[in-house]
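What follows is a single structure, written as structure tokens, with notes after it.
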Amino acid sequence: MRCSLATALVLSVSFLAPQFAQAQMLTKFEKEGPCKTRITVPIEIYGDGATDDFAFEIRKNVRDQWAGPSAEDAAAIGSSLGLETDWLADEDNAEWYKKYLEKNEGAIDPEVNQDGTQELVDKAGQIRGIYADYVREFSADPACIQGECCAVRIVTDVKVRKADDDPTPGYYQIEIVDDPNFRSYVWAGHKAREGVENPDEDNPDDWQTTPGTNGGSNGKWANNSSRNAAAHEVGHLMGLMDQYKDIKNADGKTIGSFQQHGHRHDIMAQSEAFPYRDAIAQLMEIGGIECDEETCCPGFEYNRFGQNYGVTVLAVGDAIAACNKPALRRLRSQLVDQRRNLMLASRIPAHRKIPLAVAIDEKIARIDEALKKVCDRPVTGTTPPAVTIGEDYTPIPVESDTDSTTWCEYGTDSPGGGTLIPSGGAPGTTPGSTPGTTPGSTPGTTPGSTPGTTPGSTPGSTPGATPGTTPGSTPGTTPGGRPTISGGVPIGSTPKDEDDPEETTPGETDDPTDDTPEIPTTVYVKAKASVLKGANGTKTSEIGGQRIKLIPDATKNPALPTDPGAQKDQTGADDDPAQCTTDDDGECQIVIADTRTTLGLGLKWDVSARYDYEVETPQSSGATVIGDEPLSDADKDTIVDELTGNGLDEDDIEFNNYRLGDKWVTGIGYGLKYDYGDDWSLDLGLKYKIEPDLCRTIQPGPPLGSSPQNYSAIGGEIPGAVISLPGHMTQENAQ
Amino acid sequence: MGIRVFVFLLLAFSLSMVGTGRAAPPDDFTMTVVSEPVHLPEEIEKLRVDVKANGEVILHAFRDGAGVEHPRRTLRLNRAAMDAIYAEIEANKFFDLKEFYGDERVAGGDRVSILITANGRRKEVITVNIKVTDFDDIVRKLNEYLPEGRKIYYNALSKYADDYLEVKR
């Protein structure tokens, strides 16, 4: 029992009976090796329940509970089994209890108390079994529990004596009572842990127990092995405090107790539970044992594994979402390699290997499942979204680059993942009409057509060739080479200045290089996608907030100084990209002026044409949240409400927490392919950004051995799609 | 003189009523007793008994220390039993007990609470790892009327609690 410690001090004065004494700490702390500590708890049992069999039960119970997985390891394994691991989250106690009391009007609500952890209790045995398998695989010491850095072996030296025999010096004296309903206890006081200044009365981590004796006894335990009571009481004999908290009502009256938050499955809080790593650290402090972190925690090597895994796992989500079997097979192979290398790494302690191995195994299992099931299953309703770029946009030898997370595709043979579909053009034009040609003419507009094959084109012309240098400007262009359409102002051009004689004189041909900066042209972009709304069919919606960039080829693939014989054009490589961000209607405008030349825009191109680019895109079937703690229940509820409100089945929505470095990653699966934009957090008001699992270009990881300041790069901006516009529309080949 | 005799007789009668356990519980009487392990703040091993003025007793389901599940049961006490229980409450001046008794030297053990409503008053008393005679006597009296196997148990009532601190009230 641990009520107010302040009260405890008063009571310890008033109730100190003559026979009670603070006993010497009999627990022995010894260093077994540079990274391993042995803690021996000497116990002598006596009384009518003290038998050799029960002595064995004590030893077994302590070994089972204190040499298995830590709570953190259990959480990692539980997460891989699909269990919630919120119980590990260290929430604000004061705030939580305030809400608790408000909600329950001072009554203890067992449902709240349990907080949905029953399934962990049910699967505790399975978790221990899985952990034991990993321990064997990684050649860890199965008799140890892994702390944050060093391993600790906790053993009990249990002897049985007759009640009339003299106690053996150096052994805690525990009476075993022959009554299974007796609630075990030890005599113990408590004091602030060494080195803790201004201990917090409500924080058990600031205190330690000091075993005491009453009439020569250190405590009484029931001869009942079903409660894991021995493991809990041994924790006290080693100096650990209870990790539960008294609940007081508004009048300050104690009305019950339950686990300290963040310790809901702490062996020092309840029966079916696990030791926490910070408890291991406390034990070493109590015993005066120092752990050499440089020797025992080679973070360098571990970081490398973590980084490799982090990079790979993002691609796994993308590949699963895209059902890209070749990528999945490749990633699976990578993960298997990482797994093997992790197993072989000799300088990484097992407690660091195991959670990562668990995560890798879980991802491999997901890939296998995806390869077997998901990717063979036709996904209903994933109509490829139609993305229209340019009401009057002429295909040019540049790349349209977007940050969108919805315009991407794996496993396509089409350039850049996009399919160019000449479609209904602007008034007076034929879709796909060749710039500078009569509307309806088609040569050179077919996707993938080779530059230079169009009559009049100049073979070997390069992007960025100076417009207007080729003879034969098409009649109908405005002076200066600006294309027009009959009957009106080009849709895609900036209204010209009627007073500008240079722009109104037909047939005049100027040096387009000189003119280009003076003739701004506007490219209109409209982005829209077919969005699946759960089982309610599909609908088309505009995509807002998407950044569209027009990037010169030179920028995409500049010549490197070390590239021998590099003769590539680097014009514009250092220019800012021509770009715009779509509004709520999915529309934006890119004004091309100074960059027109470098973008390769010729003077003969048809700005009046409209071109649709239909891109096969995978839609998200999951998302990821990365933060300092697992996603809270409240946030989960918000997400579930949002998804179910849009037609998804709540049963299809899953959450999955695991650690990545010092971050918590919460995976969100929602079963169906579902396009939900790039950043929910803007809409849902969540603390951390939600990144849908969409296909991303696999990027190289950071240099080996480097340790990131943070993991913000994960989920950072990477172009969602790059659409290479065929280079057949140069001014030259358009002739 | 006559008045003195009358008052004396009235007092004697009243005392005899208490002494024979015939002090009837008021209509608003309710009593709840809960016993649970301190270090297992869970529902398992949490005994709870509710008693109402009409004699209805609810024995809530629980799992005992040996792992045996006990189902929820309801029984009804007769008037004499109810009177005796209420008389014990009165005799031990339950409403004058402190709200909390405990021995902080014990880590683990168990906690017991009695919550009683009577005559518009409501009070809860909690004991943790300590013998409080006037408190424990009330539970002992209630246990007299509960079936075997469903009696309320806690350490302070056990023969093994000979090292527990003991106070009268």
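Treat the numbers as computed from the prediction; the structure is a model and nothing was measured. A note on names: the letters A, B, ... follow the listed sequences, proteins ahead of strands, and every chain is numbered from 1.
Heavy atoms closer than 4.5 Å to chain B are found in the side chain of A:D48, but not in its backbone.
Side-chain atoms of A:N214 come within 3.5 Å of backbone atoms of B:D163 as a donor-acceptor pair (strictly under, hydrogens ignored).
Nearest heavy-atom pair across A:D178 and B:Y160 is N-OH, 3.4 Å. Closest approach of B:A107 to A:A188, counting heavy atoms only: CB-CB, 4.2 Å.
Ring geometry for B:Y164 versus A:W187: interplanar angle over 60°, hence perpendicular rather than tilted (30 to 60°).
Rounded to the nearest 0.5 angstrom, A:R183 CZ and B:S158 OG are separated by 10.5 Å. Atom CG of B:D162 sits about 6.5 Å away from atom CD of A:E175, to the nearest 0.5 Å. The distance from atom CG of B:D64 to atom CG of A:N181, rounded to the nearest 0.5 Å, is 5.0 Å. The structure places CZ of A:F182 at 3.5 Å from CG of B:N155, a figure rounded to the nearest 0.5 Å.
Judged as a ring-ring contact (aromatic ring centres under 6.0 Å, His included), the pairs with a partner in residues 63-99 of chain B (not counting sequence neighbours) are, in order, B:F29-B:Y86, B:F62-B:H70.
Taking a 6.0 Å sphere around CG of B:D96, one finds it holds more than 12 heavy atoms contributed by other residues, nucleotides or ligands. The environment of B:K151 atom NZ is dense: over 12 non-hydrogen atoms of other residues, nucleotides or ligands sit within 6.0 angstrom. A 6.0 Å sphere centred on CZ of B:R76 holds more than 12 heavy atoms belonging to other residues, nucleotides or ligands.
Applying the side-chain hydrogen bond (donor to acceptor under 3.5 Å, both in side chains) test to B:K98 and every residue at least two apart in sequence or in another chain returns nothing.
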